[in-house]
Amino acid sequence: MKKIQVNSVDTTCQADSLLDLLIELGYADDVVATAVNGDFVAQGNRVNTHIKEGDRIEVLAPMQGG
Amino acid sequence: MKKIQVNSVDTTCQADSLLDLLIELGYADDVVATAVNGDFVAQGNRVNTHIKEGDRIEVLAPMQGG
Amino acid sequence: MKKIQVNSVDTTCQADSLLDLLIELGYADDVVATAVNGDFVAQGNRVNTHIKEGDRIEVLAPMQGG
Amino acid sequence: MKKIQVNSVDTTCQADSLLDLLIELGYADDVVATAVNGDFVAQGNRVNTHIKEGDRIEVLAPMQGG
Amino acid sequence: MRDFYGVQLETPFMLGTAQYPSPAILAKAFTHSKASVATVSLRREASSDKAGQDFWRLIQDLNVHVLPNTAGCHTVKEAVTTAHMAREVFGTPWIKLEVIGEEDTLQPDVFGLVEAAKILTEEGFQVFPYTTEDLVVADKLVNAGCRVLMPWGAPIGSGMGLNNVFGLRALRAHFPEIPLVVDAGLGLPSQAAQAMELGMDAILLNTAVSKAGDPAMMADAFASAIRAGQLAAKADPMVPRDMASPSTPVLGKAFLD
Amino acid sequence: MRDFYGVQLETPFMLGTAQYPSPAILAKAFTHSKASVATVSLRREASSDKAGQDFWRLIQDLNVHVLPNTAGCHTVKEAVTTAHMAREVFGTPWIKLEVIGEEDTLQPDVFGLVEAAKILTEEGFQVFPYTTEDLVVADKLVNAGCRVLMPWGAPIGSGMGLNNVFGLRALRAHFPEIPLVVDAGLGLPSQAAQAMELGMDAILLNTAVSKAGDPAMMADAFASAIRAGQLAAKADPMVPRDMASPSTPVLGKAFLD
Amino acid sequence: MRDFYGVQLETPFMLGTAQYPSPAILAKAFTHSKASVATVSLRREASSDKAGQDFWRLIQDLNVHVLPNTAGCHTVKEAVTTAHMAREVFGTPWIKLEVIGEEDTLQPDVFGLVEAAKILTEEGFQVFPYTTEDLVVADKLVNAGCRVLMPWGAPIGSGMGLNNVFGLRALRAHFPEIPLVVDAGLGLPSQAAQAMELGMDAILLNTAVSKAGDPAMMADAFASAIRAGQLAAKADPMVPRDMASPSTPVLGKAFLD
Amino acid sequence: MRDFYGVQLETPFMLGTAQYPSPAILAKAFTHSKASVATVSLRREASSDKAGQDFWRLIQDLNVHVLPNTAGCHTVKEAVTTAHMAREVFGTPWIKLEVIGEEDTLQPDVFGLVEAAKILTEEGFQVFPYTTEDLVVADKLVNAGCRVLMPWGAPIGSGMGLNNVFGLRALRAHFPEIPLVVDAGLGLPSQAAQAMELGMDAILLNTAVSKAGDPAMMADAFASAIRAGQLAAKADPMVPRDMASPSTPVLGKAFLD
């Protein structure tokens with residue numbers, strides 16, 4: 001189990017790739033965008049984006065805005 | 001022939017009544033309002049409104065306004 | 001004793017003239033202006049201004065104003 | 001004789017140093033500030049500032065300003 | 001919506017009929033304006049010249065309420081006589097009462113105005129007085145029987161907008177039951193919207209439309225702005241917030257220690 | 001400089017005497033204001049209470065012109081009677097004529113005002129009418145014999161400044177020979193300076209000074225601002241230039257080709 | 001009409017999606033607004049909470065152009081990363097670029113803004129920068145590749161209207177070919193009409209609609225006002241005339257001789 | 001009173017020395033202005049022409065603080081070099097830093113301004129930056145070491161007054177410890193008084209005095225107005241009251257039942 005942060009919340013995961021992580025966290029069917037350690041990770045790169053101990057993951061969804 | 005003023009223009013007429021005057025002046029078919037010596041004369045009273053020497057007649061028609 | 005009003009306050013007096021009334025009321029040395037029943041009474045006329053039962057007397061003094 | 005520019009005007013001079021140049025140009029007694037090729041040259045450095053062919057010299061004096 | 005002597009107007013726009021490049025453009029402007037009232041006037045006409053007759057037919061075809069004015073009258077007598085002549089010609093008890101007191105600004109003579117309003121009301125007219133924003137004059141007009149007030153925004157034909165917003169706000173606040181029409185002085189639709197946002201009941205204008213490069217398009221613009229202001233007043237606008245003062249620690253402070 | 005019924009004022013500042021924290025502060029404010037006129041009033045006084053007598057001595061010590069008002073009068077009769085009483089008490093033909101028409105804004109009843117002005121002028125008073133910016137009313141006041149006009153800036157005590165700059169400019173332009181005093185509604189010195197820059201001849205105020213945290217300092221501030229505006233009007237100000245439109249080729253254009 | 005990165009908008013109204021009482025009222029407000037653009041944002045979402053997914057479906061049903069913003073970003077890096085995430089989620093190259101420099105007024109950090117605009121333009125974004133009325137900043141944004149500018153009217157959510165009309169007029173005059181959108185600070189439709197009369201190409205707002213008592217009605221009001229201002233700018237308005245100075249002999253003069 | 005790099009100014013008035021009809025009138029204007037600071041500049045001078053030398057003697061006789069500017073500089077390099085030359089000639093570390101970004105409005109290039117301010121501060125200058133009202137730019141200038149800020153009122157020489165009162169109020173509120181000088185754009189003393197009432201620490205102007213019909217009198221007027229505004233800010237002004245809404249039963253109501 002790796003210690004990581006998702007949206008600034010400490011958590012642990014087993015997933016190797018960002019893609020697996022999203023599935024593990026239950027975002028599988030959601031329209032979301034992702035960043036790892038402050039860098040954008042495009043949808044297509046999630047599969048080959050390796051998740052390491054201590055990674056800071058951002059998962060963002062659409063919201064209201066002005 | 002009587003000397004009168006119509007809309008501040010000196011003129012002469014034979015008409016006895018205001019009604020006759022309007023006909024004599026060619027207003028017969030027009031939508032106009034009338035005043036004699038500064039007093040309004042309603043359509044119905046034109047027939048019995050006598051025209052005297054020196055009368056000042058106003059004949060007004062619709063116009064643009066703001 | 002006559003019933004009168006001074007500045008809208010009911011009071012009684014013995015004075016015959018407005019001049020006497022002012023003395024009786026203690027205005028003798030004051031710079032004031034007077035009116036009886038809504039009419040101005042100049043200083044010089046106070047002596048011959050008779051006070052009758054029911055008179056409304058105004059006695060005004062200088063005050064702050066804008 | 002060297003070809004130089006003084007305040008954007010083409011001219012020639014014999015002076016070796018900026019100090020000599022100012023004397024040669026008649027600024028000896030004036031309160032002026034100097035720059036050579038866009039760089040400020042302080043009063044104290046004028047003596048050892050060599051004037052080369054093609055130098056662009058600025059000589060500025062006090063003026064009205066808002 | 002407040003009514004005008006019992007009449008509910010389809011739209012709060014009253015449009016003047018003067019100074020258009022042509023009758024056709026006037027008619028087109030009215031179509032685009034969706035105005036519910038047209039102001040008209042009277043003039044001397046030589047019997048040979050039938051312009052007035054043609055104009056009157058054109059107005060009748062507009063299918064709007066007609067509001068005759070007493071423009072150019074400087075005395076109570078003139079205004080009253082003109083009102084009577086207008087009532088007969090145009091067949092309406094409505095009269096836009098103008099008693100002009102000053103030639104340049106064409107501003108109302110409020111003394112003559114109140115006197116004429118009293119006379120005309122007693123003679124059965126329904127008076128639309130062209131007045132200033134003066135509250136006391138307004139009260140006298142209401143006492144004289146006026147059930148509509150038409151305060152100016154600015155001098156007729158100036159296009160300056162609302163010269164005294166405070167005065168108009170005070171008028172609205174003091175006469176909650178009287179229909180108020182801002183009459184004269186507007187030059188741009190935003191000014192008409194602003195007047196309606198202040199709670200005015202209608203706008204009367206002429207020059208801003210007739211003297212625009214494209215009167216029909218400008219009529220459309222004013223119609224749209226007036227509607228906007230009317231809706232805004234109903235929709236309960238947000239309260240503005242002055243954000244000049246900081247809630248967070250002030251900038252730059254740290255660097256001063 | 002225009003005169004006020006033959007009197008050349010040392011300074012164009014008229015200051016009210018009401019609502020000061022204390023007589024001492026009032027006196028201090030006047031000293032700092034260098035005001036040349038003090039407005040005063042009359043009230044009912046019980047013979048026991050000599051406040052009015054003390055106040056009158058204090059005013060006399062100020063060594064300024066005294067301008068009694070008819071504050072609080074709502075009818076012509078009240079105003080005329082009050083004027084007579086004031087003339088006797090204060091020993092001056094000057095009267096600041098107020099005929100109040102509306103309780104909230106304390107705005108003038110211009111009908112009563114003109115009527116009272118005519119009566120008082122005939123009775124030898126020199127009338128300073130508290131009026132609005134209405135040109136036609138102003139003309140009637142001048143015809144009634146007034147040789148000074150005192151248009152309001154805003155409602156008494158509001159401190160809003162000049163609610164209708166256009167109206168004041170028009171008044172100045174139409175009455176070039178009549179001394180104009182902006183009376184009431186000012187809250188800040190900059191507003192007084194602005195009024196003087198418009199060509200007004202003097203400023204009358206009270207609340208802005210008496211209700212300031214430091215009345216004496218604020219009196220000084222207004223004196224300084226009024227003087228500034230008066231000098232500016234004389235010194236022929238530069239003409240403002242609108243620099244919104246570019247004279248040089250517009251920015252960014254190149255990048256759009 | 002100027003286009004927005006090749007897109008001709010059906011209406012010059014861009015409406016925000018934040019702070020509505022409910023999604024239903026948001027949808028209704030959009031229908032009434034006839035807005036052609038909706039601004040949206042991104043936020044962290046717990047996988048359990050599907051609010052974001054529902055919101056996105058609702059926006060897609062509005063059938064308008066979507067303009068994602070970078071609200072809340074204080075650094076270039078944050079803004080750039082957020083822009084990339086928004087492009088993927090919302091499937092558009094459009095980005096409303098906000099780099100906030102001050103917490104209270106939420107005003108732009110024009111330094112970060114220009115830097116981020118350059119980066120994003122190079123990365124293929126079509127940038128809508130939220131900026132001030134500063135001409136020089138505007139020029140740098142255009143040089144950075146921006147083909148739209150969005151100057152503020154007043155601080156976000158203040159409802160103050162146009163704080164610097166001169167600045168907006170100058171911006172319009174100096175950038176005749178660049179579409180200008182007044183973004184933020186408007187509280188009333190008349191202010192939106194005024195901005196369009198100044199020649200702006202569109203209006204972006206949110207709070208004035210979402211925080212109105214009746215958002216749908218207010219959306220309608222703004223739509224109508226924006227249309228009014230746009231038409232007015234096209235229709236060639238009359239030129240205002242200052243009528244303060246008399247053409248005829250001045251009033252009262254006679255009585256002074 | 002806030003100080004300017006440790007200097008307490010005798011008066012909060014900084015006056016420019018350009019565009020006077022003659023040196024004598026310039027000197028007279030300064031005497032009347034009681035200004036404590038004179039802005040000066042540098043120019044190319046042919047050795048034959050000693051105008052600059054005469055001017056410098058005249059300024060020295062004014063016995064005021066001298067504030068050299070970098071007028072006309074469009075790049076950081078030019079501004080920095082000019083500052084060094086000015087420091088040597090005028091013998092002061094003070095520099096009014098102008099980095100012009102746009103030819104018409106002569107408005108600051110805030111990017112170049114911040115960069116030049118940082119360089120000059122490090123080189124021991126005491127920088128008076130001519131800037132906009134932008135809060136974020138102001139913060140960067142303070143971070144760069146500026147301990148005075150000089151926001152514009154309006155474009156140099158326009159005489160328009162304060163184009164963005166909100167912006168100036170926000171600047172005052174966010175930088176309570178930094179001396180603020182409104183520099184440029186004023187045309188009338190009332191505008192200078194207003195700026196001081198907003199809490200500004202000083203006023204810098206030139207054209208409004210030098211281009212007035214009577215520069216000396218106008219200098220006096222501004223001095224008086226600036227003093228007025230400064231006193232007013234200290235004297236704790238009354239709070240304005242909006243009296244539009246009635247407290248008493250509304251007028252006319254009775255007549256409507």
Side-chain angles (χ1 to χ4, degrees), chain C, chain F residues 14-20 23 26 38-60 66-72 75 77-78 80-91 96 98 106 123 130 156-157 183-184 204-210:
Chain C
M1 296 289 281
K2 286 171 277 189
K3 289 205 183 63
I4 59 171
Q5 276 197 338
V6 177
N7 294 342
S8 299
V9 179
D10 293 322
T11 176
T12 61
C13 71
Q14 299 172 313
D16 266 355
S17 72
L18 178 54
L19 183 60
D20 295 343
L21 178 67
L22 292 178
I23 295 162
E24 181 177 340
L25 295 174
Y27 290 107
D29 314 329
D30 296 356
V31 177
V32 293
T34 52
V36 176
N37 301 326
D39 295 320
F40 170 60
V41 177
Q43 201 159 3
N45 299 336
R46 289 174 190 166
V47 60
N48 44 45
T49 298
H50 183 62
I51 301 298
K52 311 177 309 301
E53 177 85 12
D55 277 344
R56 290 173 294 96
I57 318 292
E58 290 286 329
V59 185
L60 303 191
M63 79 172 289
Q64 295 76 6
Chain F
M14 306 180 176
L15 184 57
T17 58
Q19 301 180 302
Y20 289 83
L26 181 159
T39 54
V40 296
S41 191
L42 286 174
R43 69 142 160 234
R44 293 166 164 186
E45 177 168 70
S47 54
S48 50
D49 167 14
K50 302 300 185 190
Q53 309 306 313
D54 300 340
F55 169 70
W56 181 216
R57 271 184 295 279
L58 182 143
I59 295 303
Q60 287 170 308
V66 172
L67 176 60
N69 68 29
T70 61
T75 69
K77 167 79 164 147
E78 279 179 283
V80 168
T81 303
T82 303
H84 277 282
M85 296 172 89
R87 178 162 62 176
E88 182 179 83
V89 164
F90 296 111
K96 177 185 168 184
E98 294 184 35
L106 293 178
E123 292 171 341
Y130 170 60
I156 294 174
D183 176 8
L204 195 166
L205 53 85
N206 187 335
T207 314
V209 165
S210 61

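What you see is a predicted model; the values in this text were computed from it and never measured. A, B, ... follow the sequence lines: proteins, then strands. Residue 1 opens every chain.
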(message) Could you check whether any side-chain N or O of F:Thr70 sits under 3.5 Å from a backbone N or O of F:Thr82, counting only pairs where one atom can act as donor and the other as acceptor?
(response)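 No, F:Thr70 side chain to F:Thr82 backbone: no donor-acceptor pair under 3.5 Å.
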(message) Counting only non-hydrogen atoms closer than 4.5 Å, can you tell me which residues of residues 58-66 of chain C sit against chain F?
(response) C:Glu58, C:Val59, C:Leu60, C:Ala61, C:Pro62, C:Met63, C:Gln64, C:Gly65, C:Gly66
(message) So if I take each residue of residues 18-30 of chain C and look for any heavy atom under 4.5 Å from a heavy atom in chain F, which residues do I end up with?
(response) C:Leu25, C:Gly26, C:Tyr27, C:Asp30
(message) I'd like to know if C:Asp39 and F:Lys77 make a salt bridge, using a cut-off of under 4.0 Å between side-chain N and carboxylate O.
(response)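 Yes, this pair counts.
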(message) Under a 4.5 Å cutoff for heavy-atom pairs, which residue among F:Gly157, F:Pro68, F:Gly16, F:Gly52 has the most contacts with chain C?
(response) F:Gly52
(request) Return the option, out of F:Asn206, F:Thr17, F:Asp54, with the maximum number of heavy-atom pairs under 4.5 Å with chain C. (result) F:Thr17
(request) Heavy-atom distances under 4.5 Å only: say whether F:Glu98 touches chain C with side chain, backbone, both or neither. (result) side chain
(request) Go through the atoms of F:Tyr20 and report whether side chain, backbone, both or neither lie under 4.5 Å from a heavy atom of chain C. (result) neither
(message) Applying ring pair (Phe, Tyr, Trp, His ring centres under 6.0 Å), can you list everything that pairs with F:Phe55, at least two apart in sequence or on another chain?
(response)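 Once residues adjacent in sequence are excluded, F:Phe55 has no partner under the ring pair (Phe, Tyr, Trp, His ring centres under 6.0 Å) criterion.
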(message) If the condition is ring pair (Phe, Tyr, Trp, His ring centres under 6.0 Å), which residues does C:Phe40 pass it with, not counting sequence neighbours?
(response)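 Residues passing ring pair (Phe, Tyr, Trp, His ring centres under 6.0 Å) with C:Phe40: F:His84.
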(request) Working to the nearest 0.5 Å, report the span between CG of C:Asp16 and CD1 of C:Ile51. (result)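 If I round to the nearest 0.5 Å, the distance is 9.0 Å.
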(request) Rounded to the nearest 0.5 Å, what's the gap from NZ on C:Lys3 to OG1 on C:Thr12? Could you check? (result)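 Here the rounded value is 8.5 Å.
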(message) Counting only non-hydrogen atoms closer than 4.5 Å, does C:Ser8 touch chain F with its backbone (N, CA, C, O), its side chain (CB onward), both, or neither?
(response)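 Looking at C:Ser8, backbone and side chain both touch chain F.
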